[in-house]
Amino acid sequence: MSEEDDDQPPAAKRPRASPPPDQVLDNVLETVLQFLDSARDRCAASLVCRSWHRAESATRVSVSVRNLLAASPARVARRFPNARHILLKGRPRFADFNLLPPGWAGADFRPWAAAVASSAFPALASFSLKRITVTDHDLHLLSRSLPSSFRDLHLLLCDGFSSAGLASIASHCRGLRVLDVVDCEINDDDDDAVVDWVAAFPPGPTDLESLSFECYARPVSFAALEALVARSPRLTRLGVNEHVSLGQLRRLMAHTPRLTHLGTGAFRLGDGPEDVGLDVEQMASAFASAARNSTLVSLSGFREFEPEYLPAIAAVSVNLTTLDFSYCPVTPDQFIPFVGQCHNLETLYVLDSVRDEGLQATARTCKKLQVLHVLPLNAHEDADELVTEVGLTAIAEGCRELRSTLFFCQSMTNAAVIAVSQNCIDLKVFRLCIMGRHQPDHVTGEPMDEGFGAIVRNCSKLTRLSTSGRLTDRAFEYIGKYAKSLRTLSVAFAGDSDLALQHILQGCSKLEKLEIRDCPFGDAGLLSGLHHFYNMRFLWMSGCNLTLQGCKEVALILPRLVVELINSHPENEKTDAVDILYMYRSLEGPREDVPPFVKIL
Amino acid sequence: MEGGVGYADNCLKATELRLGLPGTSSDDHHLRGKKRAAADDNNASAADEHDAVEAAPPAAKAQVVGWPPVRSYRKSCFQAAAAKTSKPTAVTTTNKVDEPIISKNSAAPAPAAASLVKVSMDGAPYLRKIDLRMYKGYRELREALEAMFSGAAAEVNPSEFAITYQDKDGDLMLVGDVPFDMFTSTCKKLRIMKRSEATGLGSPRQMN
């Protein structure tokens, strides 16, 4: 490598045969460390000594700030000047469910946009933002100051921007390869102000490899979209929104024969000329062409699907590794014939409309399944029961390679959960959501303790767990005792006393993220975790029995933690009871832009 | 703030739009949960009102904030589809006497996108946004708005407020005049304003 030569200090005298020893060490270190990819390995390497720290920082290419409030952009830029890929995560996850009052303001992208504008990251190639508020102004600034190396923008669960912001990115980021806007809330309220951002891409061939806007609520100009796709020869991932009809989809597919990921939009006939006379056979032949290339492996969308057209995708079913039917309320009759051909499926997202029969069919066919999400069609505690322990047990016994599951149901049995733990021993993520709060095992009437206990006992690789149903302190005793690899735990409406929280905090030595809501845990439970809080990214506790005194004590003993008390019911200001505790470690100390309902201790 | 209200006035009360602290209406917002015997959920409260005038108030199964943990965009996508796949139910009536009787199975298909509208309240520091299609009727909407703004209105008498909206033509209208379905399709923005400013809109009965 020529780098060692380039790093010769200019003042080196000619007669010297080799550079000074520590220079050599740095050069060698940097060269070697470049091969380290894993973030954990890099962190470990950087702690060895100063020169390792220096070398690692200079060569760190992927930087993840998994809590925006933990480190400022200036600090990150100082330490990792050569960062190419930056991942930022903002709001805590419970904000997705409206538990965080609006105006909390702890997830603003603004300082980062400003940092990029002052050339803090000259080698920047990609931004991945999750749960962050990005305004149009931020995107405007970003688009005009990003270095020419910039390629990828991923926005996941973000908000604050509108079509105008997207247009800034489209028009000014030359060489953009990825624009993925996923599950974002886009502010296009004013009919007059909506901008045709798809038309904002400059003319001429683009470098686009991935374009995804399935969550975009407004129609985009199809002519502009088709023209864009037609002049993007590298496009392999396309996710269109629900305003793109079947006929339009067919036209787009004709321009992209080598597509690997397709978000199908509405999957319904529209009113336009592209849909006139379109029948199932024509649609089927479009997918058959895709199947011939064997490139299409992922399907999503189906946002308003017409069941008659579903058979059109049959041709690609055998190639599919990912299928996202989570917006597609298919019935068992519609689903079973299709899934029966999906032998290579590894990731499946469905609604519980497929019922137990659909899950049984999945278990029979999808032997390679690793990720399964079963989401509720009707997300209410009293909704009809569409999937039960029968479906879960079938999946457990049929899909032994399951790694990650998210399962919503109205009630469950310990036996089914135990079956999962015994069959799917490689399970890393188990998220069971029994929508009826405090629901016990509906067959035996017992709490769900034994089921979750079996999961943590048998699935030694478990890193993420979400509990639900009626749980006593015993469940948490099991979790504390056995869940030694657990990094993320979500608990809601569970436990009997502080002992449960104590079990968690004293037992789960690798715990990094803990989110708790509406459990009878008080100050004593909180204080039992003092030894561990610096090892955690954050702790969220809402609707519990914490008081101001307990939280103050934590803040006093652990000064590097930021302890935020968030009040979502300001009229209760007078009491000492804490509504929401959101506590996280940070290098920056308490933030300044705090709204009146937040108190930082 | 009225105290306990008899069922005789419940129809009238249901058409009245007012703000109050949660818990002051006949609904209990902190129910813990057993399943109700009735097959359907959202309309059961209305059915109860008309069926069991003598019985103790069963109250709507009040939605706990953020439970089940499903993003609201997802929840709103499937309201109509959920109605189609659930067991056929008896015809149920809605709260308002003059609203048309709707049965769960004939619910209109949900429009394409979530209809998110901004909600502003005079005197509140920040706006809120709600998805109108998450609510089955004016009563649910009123309750949700009460819950949202009960904090901001702490110092002012909540019955002094009227809920208004801006429709497609840009006109300021009083909420409650038209059938709920029509309202959700024409409403662009919601504004909660002082009753004194809302004179001239709607009938005297609604002004109360």
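Just so it is clear: chains get the letters A, B, ... in the order the sequence lines come, proteins before strands, and each one is counted from 1. In this text, all values refer to a predicted model and were calculated from it rather than measured experimentally.
Within a 6.0 Å sphere centred on CG of Asp169(B), heavy atoms belonging to other residues, nucleotides or ligands number more than 12.
Of the atoms belonging to Lys129(B), it is side-chain heavy atoms, and not backbone ones, that fall under 4.5 Å from chain A. Contacts of Asp183(A) with chain B are made by both backbone and side-chain atoms, with heavy-atom separations under 4.5 Å. With a 4.5 Å cut-off on non-hydrogen atoms, Arg218(A) does not touch chain B at all. Heavy atoms closer than 4.5 Å to chain B are found in the side chain of Leu157(A), but not in its backbone. With a 4.5 Å cut-off on non-hydrogen atoms, Arg268(A) does not touch chain B at all.
Using a 4.0 Å cut-off between charged side-chain N and carboxylate O, Asp496(A) and Arg470(A) make a salt bridge.
A heavy-atom distance below 4.5 Å is not found between the side chains of Gln248(A) and Val240(A). Residues Tyr138(B) and Ile163(B) are not in side-chain contact: their nearest non-hydrogen atoms beyond the backbone lie 4.5 Å or more apart.
The cationic atom of Arg74(B) (NZ for Lys, CZ for Arg) lies less than 6.0 Å from the six-membered ring centre of Tyr327(A) and within 45° of the ring axis.
Judged as a side chain to side chain donor-acceptor pair (under 3.5 Å), and not counting sequence neighbours, the contacts of Thr133(A) are Arg91(A), Asp159(A).
Your options are Pro101(A), Ser326(A), Cys215(A), and the one with the most heavy-atom pairs under 4.5 Å with chain B is Ser326(A). Interface summary for chain B: among Ala492(A), Gly103(A), Ala266(A), Pro102(A), the most heavy-atom pairs under 4.5 angstrom belong to Pro102(A).
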